[in-house]
Visitor: 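Have a look at this one before I ask anything.
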Amino acid sequence: MLDITSYQNKKVLVLGLAKSGVNAARLLCKLGALVTVNDKKAFDDNKDAQELLADGIKVITGSHPVALLDENFELMVKNPGIPYSNPMVKRAQELNIPIITEPELAYQVSNSEWIGITGSNGKTTTTTLIGLMLNEDKNRRGTAYDAGNIGIPATAVAQKAGADDTIVAELSSFQLCGIQTLHPHIAVLTNIYEAHLDWHGNRENYVNAKMRLTMNQTADDYFVMNWDLPEMHELAKRSKATIVPFSRQGAAGAQAVLTEDGYLSYAGDKIMKADAMQIPGVHNIENALAAIAVAKLEGVSDEAIVAVLQRFTGVKHRIQYVQTVNGRKFYNDSKATNVEAASVAIQAFHDPIVLLCGGLDRHLPMTDLVPLVKKHVRALVTFGETAAQMNEVAKEAGVPFTQTTDLKTAVPLAYQASQPGDIVLLSPANASWDQFPTFEVRGDVFIDAVQQLAESEA
């Protein structure tokens with residue numbers, strides 16, 4: 001970690017807690033800043049706020065009082081999930097108070113090389129694969145640390161990672177809106193689809209947020225992009241970095257490719273058969289190709305890449321195999337919070353699927369699921385605010401459906417609708433916030449319900 005003095009006696013407001021806010025507040029205090037934390041959650045139910053107060057940090061909870069900004073703050077570190085339409089954030093902008101997110105603070109104190117990964121889907125799997133590949137090669141100096149939107153605060157990692165180490169950071173569009181100097185040596189854009197438009201306002205803003213990942217890169221850096229998406233060819237022109245394309249579909253000019261005879265290849269070097277990977281689905285071939293491109297740029301051996309891809313069974317909540325119950329394989333894809341992610345999961349399997357879906361109503365169309373459901377799905381079990389909308393998908397696809405109140409009751413209903421050899425897949429196609437605080441909690445409820453089902457059917 002760099003020994004910086006720019007925060008000495010600087011008045012900083014940390015807006016919103018959770019892991020990123022807590023770690024940012026602690027780091028700022030260590031750097032000598034005068035920190036105030038403001039979190040909407042009531043103090044009595046706010047363990048994070050209680051612990052920060054015990055450490056001597058000023059804490060204001062229960063609301064976001066705009067008048068607080070009259071205290072002449074010089075910087076706001078904003079929780080990524082808080083939109084710029086929030087009255088506190090809007091007032092900070094009116095007062096010309098700089099606003100950053102936690103990864104930017106982490107970068108400012110870091111003396112490690114950074115690899116940044118963003119995209120609508122595949123970020124976490126790609127980030128995980130890159131970290132594993134870098135650490136698998138014993139000839140590399142230092143350690144690769146995963147950080148960021150993957151669930152590990154970048155400020156915590158930046159304090160322990162040294163000059164020989166690498167920070168492999170998953171960065172969401174929300175986080176990228178609040179960066180200023182963050183400069184990854186290698187950037188990865190897995191894909192761009194329709195996502196988070198309720199937060200960003202429109203697709204152009206969303207794309208611009210993603211492209212902030214490359215805004216500080218130079219010709220000495222690398223930008224790994226999905227060349228199967230025509231939009232990427234235009235977006236590449238906005239980067240000063242050396243473009244390193246990957247392609248599952250044989251796009252011309254790609255460096256990391258899936259060959260016609262089924263090999264994962266880089267710069268003409270066949271590394272391994274794609275069907276030797278442990279994780280299912282064509283989307284994971286794309287994730288693997290993106291990770292391979294980064295690994296090869298970092299000098300990782302083919303042997304290390306193969307070892308990781310033959311061993312890695314997936315990230316929790318992302319088409320995660322749970323267990324088999326009387327011939328039915330249960331998969332947890334709770335991270336599928338949009339139609340695109342659910343579409344990817346549905347197409348990952350060759351066996352008939354019983355699909356559990358539904359969640360927060362963001363008033364987005366679900367019609368793109370109809371042909372996939374018609375082709376791959378035996379039955380739907382729906383729940384949450386969008387249950388009726390998902391029922392319409394089933395009707396249009398001509399497949400049976402059952403609506404229930406919640407995910408816990410959906411699991412045994414899905415089992416009843418399935419047959420031996422089927423896939424029972426939780427891939428909600430909607431956010432979790434109507435019934436769960438996070439998609440992780442939703443996935444854990446699913447795993448527990450499957451375990452209970454297995455015990456009852458034993």
Visitor: Flag the pair Asp137 / Arg140 as yes when at least one side-chain heavy-atom distance between them is below 4.5 Å, and no otherwise.
Guide: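 Answer yes - side chains close enough.
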Visitor: Have Thr438 and Glu440 got a donor and an acceptor in their side chains that come within less than 3.5 Å?
Guide: yes
Visitor: Between Asn149 and Glu170, is there a donor-acceptor pair closer than 3.5 Å when you use the side chain of the first and the backbone of the second?
Guide: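 No: the side chain of Asn149 does not pair with the backbone of Glu170.
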Visitor: Output all residues satisfying ring-ring contact (aromatic ring centres under 6.0 Å, His included) with Tyr331, sequence neighbours left out; order by chain, then residue number.
Guide: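 For Tyr331, the residues satisfying ring-ring contact (aromatic ring centres under 6.0 Å, His included) (neighbours in sequence not counted) are Tyr321, Phe349.
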Visitor: Go through it in stages, so that I can follow the logic: the residues are Asp302 and Lys296, the test is salt bridge (charged side-chain N to carboxylate O under 4.0 Å, His left out), and I'd like the CA-CA distance, side-chain angles, deciding distance and then a yes or no.
Guide: CA-CA 8 Å; Asp302 289 358; Lys296 298 306 292 184; 2.7 Å; yes
Visitor: With sequence neighbours excluded, tell me which residues meet ring-ring contact (aromatic ring centres under 6.0 Å, His included) with Tyr222.
Guide: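 By the ring-ring contact (aromatic ring centres under 6.0 Å, His included) rule, Tyr222 matches His185.
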Visitor: Kindly check if the number of other-residue, nucleotide or ligand heavy atoms within 6.0 Å of CG (Asp3) is above 12?
Guide: no
Visitor: How long is the straight-line distance from OG of Ser343 back to NE2 of His283, given to the nearest 0.5 Å?
Guide: 11.5 Å
Visitor: Is the side chain of Asp422 donor-acceptor paired with the backbone N or O of Ile353 at a distance under 3.5 Å, no angle test?
Guide: no
Visitor: Where the side chain of Lys90 meets the backbone of Asn86, is there a donor-acceptor pair that is under 3.5 Å apart?
Guide: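 No, the answer is negative, given that no donor and acceptor are paired below the 3.5 Å cut-off.
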Visitor: What closest approach, in Å, do His376 and Gln347 show between heavy atoms, and which atom pair accounts for it?
Guide: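 Of all heavy-atom pairs spanning His376 and Gln347, the closest is NE2-CG, 4.2 Å.
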Visitor: Will you find, in the side chains of Tyr145 and Ser112, an N or O donor that is under 3.5 Å from an N or O acceptor?
Guide: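 Tyr145 vs Ser112: no donor-acceptor pair found between side chains.
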Visitor: Set out, in order, the CA-CA distance, both residues' side-chain angles and the distance that settles side-chain contact (heavy atoms from CB on, under 4.5 Å) for Val445 and Asp448, then state yes or no.
Guide: CA-CA 5 Å; Val445 168; Asp448 289 343; 5.7 Å; no
Visitor: Give me the atom names and distance for the closest heavy-atom approach of Ala161 to Asn111.
Guide: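 Closest pair (atom of Ala161, atom of Asn111, distance): O-OD1, 3.4 Å.
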Visitor: Between the side chains of Asp39 and Thr61, is a donor N or O closer than 3.5 angstrom to an acceptor N or O?
Guide: no
Visitor: Any pair with a residue in residues 262-274 that passes side-chain hydrogen bond (donor to acceptor under 3.5 Å, both in side chains), sequence neighbours left out, goes on the list, sorted by first then second residue, please.
Guide: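 Residue pairs passing side-chain hydrogen bond (donor to acceptor under 3.5 Å, both in side chains), neighbours aside: Asp261-Lys270.
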Visitor: Atom OG1 in Thr337, atom CG in Asn121: separation rounded to 0.5 Å?
Guide: 7.5 Å
Visitor: Answer whether the closest heavy-atom distance between the side chains of Thr118 and Arg212 falls below 4.5 Å.
Guide: no
Visitor: If you apply the rule side-chain contact (heavy atoms from CB on, under 4.5 Å), what do you find for Val411 with Leu356, and how did you get there?
Guide: CA-CA 8 Å; Val411 170; Leu356 296 86; 4.2 Å; yes
Visitor: Leu28 and Val77: side-chain contact (heavy atoms from CB on, under 4.5 Å), yes or no, with the steps?
Guide: CA-CA 10 Å; Leu28 287 163; Val77 181; 4.0 Å; yes
Visitor: Could you give all pairs that pass the salt bridge (Lys or Arg N to Asp or Glu O under 4.0 Å) test and reach residues 244-254, with sequence neighbours left out?
Guide: Arg248-Glu286
Visitor: Which heavy atom of Pro428 sits nearest to which heavy atom of Asp333, and what is that distance?
Guide: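 That closest heavy-atom pairing would be CD-O, 3.5 Å.
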Visitor: State, yes or no, whether a side-chain contact exists between Ser432 and Leu360 at a heavy-atom distance under 4.5 Å.
Guide: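 No; the side chains remain at least 4.5 Å from each other.
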Visitor: Do Cys29 and Ile57 touch side chain to side chain, with heavy atoms closer than 4.5 Å?
Guide: yes
Visitor: Taking the six-membered ring for Trp, are the ring centroids of Phe174 and His200 within less than 6.0 Å of each other?
Guide: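 Centroid separation for Phe174 and His200: below 6.0 Å.
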Visitor: Which atom names give the shortest non-hydrogen contact between Phe246 and Thr190, and what distance separates them?
Guide: CZ-O, 3.8 Å
Visitor: Show every salt bridge (Lys or Arg N to Asp or Glu O under 4.0 Å) that has at least one partner inside residues 314-323, sequence neighbours left out.
Guide: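 Every pair satisfying salt bridge (Lys or Arg N to Asp or Glu O under 4.0 Å) with a residue in residues 314-323: Lys316-Asp444.
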Visitor: Side-chain contact, heavy-atom cut-off 4.5 Å: Val207 with Glu231?
Guide: yes
Visitor: Report the relative orientation of the aromatic rings in Tyr84 and Trp199; use parallel for angles under 30°, tilted for 30 to 60°, perpendicular for over 60°.
Guide: perpendicular
Visitor: With rounding to the nearest 0.5 Å, note down the distance linking NZ in Lys240 to CG in Asn216.
Guide: 9.0 Å
Visitor: Give a yes or no answer on whether the side chain of Ser334 reaches the backbone of Arg442 with a donor-acceptor pair at less than 3.5 Å.
Guide: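 Checking the backbone N and O of Arg442 against the side chain of Ser334, no donor-acceptor pair under 3.5 Å is found.
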Visitor: Closer than 3.5 angstrom, by distance alone: can the side chain of Gln180 be matched with the main-chain N or O of Ile100 as a donor-acceptor pair?
Guide: no
Visitor: Enter the distance from Leu213:CG to Ser239:OG here, rounded to the nearest 0.5 Å.
Guide: 9.0 Å
Visitor: Are any side-chain N or O atoms of Asp164 and backbone N or O atoms of Arg141, one a donor and one an acceptor, separated by less than 3.5 Å?
Guide: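 No, Asp164 side chain to Arg141 backbone: no donor-acceptor pair under 3.5 Å.
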Visitor: Out of Thr242, Val244, Ile186, Ile243, which residue meets the side-chain contact (heavy atoms from CB on, under 4.5 Å) rule with Phe223?
Guide: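 Output: one option passes, namely Ile243.
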Visitor: Side chains of Gln320 and Ile447, heavy atoms from C-beta outward: is any pair under 4.5 Å?
Guide: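 Answer yes - side chains close enough.
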Visitor: Taking Thr324 for the side chain and Gly327 for the main chain, is one N or O donor matched with an acceptor at less than 3.5 Å?
Guide: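 No, because the side chain of Thr324 does not come within donor-acceptor range (under 3.5 Å) of the backbone of Gly327.
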Visitor: Mind listing the closest non-hydrogen atom pair of Ala288 and Met277 along with its distance?
Guide: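 Scanning both residues, the minimum pair turns out to be CB-SD, 3.6 Å.
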Visitor: Under the ring-ring contact (aromatic ring centres under 6.0 Å, His included) criterion, do Trp114 and His183 qualify, and how do the steps go?
Guide: CA-CA 7 Å; Trp114 279 55; His183 177 174; over 10 Å; no
Visitor: Using the side-chain contact (heavy atoms from CB on, under 4.5 Å) definition, which of the options Val294, Ile150, Asp146 pairs with Val168?
Guide: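 Output: one option passes, namely Asp146.
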Visitor: For Ala241 and Gln217, work out which heavy atoms get closest and say how close.
Guide: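 In this case the closest contact between Ala241 and Gln217 is CB-OE1, 3.6 Å.
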Visitor: At what distance, to the nearest 0.5 angstrom, does OG1 of Thr126 lie from CG of Leu189?
Guide: 10.5 Å
Visitor: For Asn23 and Thr155, indicate whether the former's side chain and the latter's backbone hold a donor-acceptor pair under 3.5 Å.
Guide: no
Visitor: Measure the spacing between OG1 of Thr5 and CG of Leu31 and express it to the nearest 0.5 Å.
Guide: 9.5 Å
Visitor: Could you check whether any side-chain heavy atom of Arg311 comes within less than 4.5 Å of a side-chain heavy atom of Gln278, counting everything from C-beta outward?
Guide: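 A side-chain contact is absent here, since even the closest heavy-atom pair is not under 4.5 Å.
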Visitor: Test Glu104 against Lys78 for salt bridge (charged side-chain N to carboxylate O under 4.0 Å, His left out), laying out the working first.
Guide: CA-CA 11 Å; Glu104 170 65 20; Lys78 182 184 73 66; over 6 Å; no
Visitor: Should we say atom CD of Glu455 is surrounded by more than 12 heavy atoms from elsewhere, each under 6.0 Å from it?
Guide: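 Check passes, neighbour count above 12.
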Visitor: So does Thr125 get a backbone contact from the side chain of Asn287, meaning a donor-acceptor N/O pair under 3.5 Å?
Guide: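 It does not hold such a pair.
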Visitor: Is there a donor-acceptor contact under 3.5 Å from the side chain of Ser418 to the main chain of Tyr415?
Guide: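 Between the backbone of Tyr415 and the side chain of Ser418 there is a qualifying donor-acceptor contact (under 3.5 Å).
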Visitor: Does some side-chain heavy atom of Ile279 sit less than 4.5 Å from a side-chain heavy atom of Val315?
Guide: no
Visitor: Mind listing the side-chain donor-acceptor pairs of residues 6-19 below 3.5 Å, one per line with the distance, residues two or more places apart or on another chain?
Guide:
unit_1 : atom_1 : unit_2 : atom_2 : d
Tyr7   : OH     : Gln108 : OE1    : 2.5
Lys11  : NZ     : Glu71  : O      : 2.6
Lys19  : NZ     : Gly151 : O      : 3.2

Visitor: If you measure from the Lys or Arg side-chain nitrogens to the Asp or Glu carboxylate oxygens, is any gap between Arg26 and Asp55 under 4.0 Å?
Guide: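 Yes, charged N to carboxylate O under 4.0 Å.
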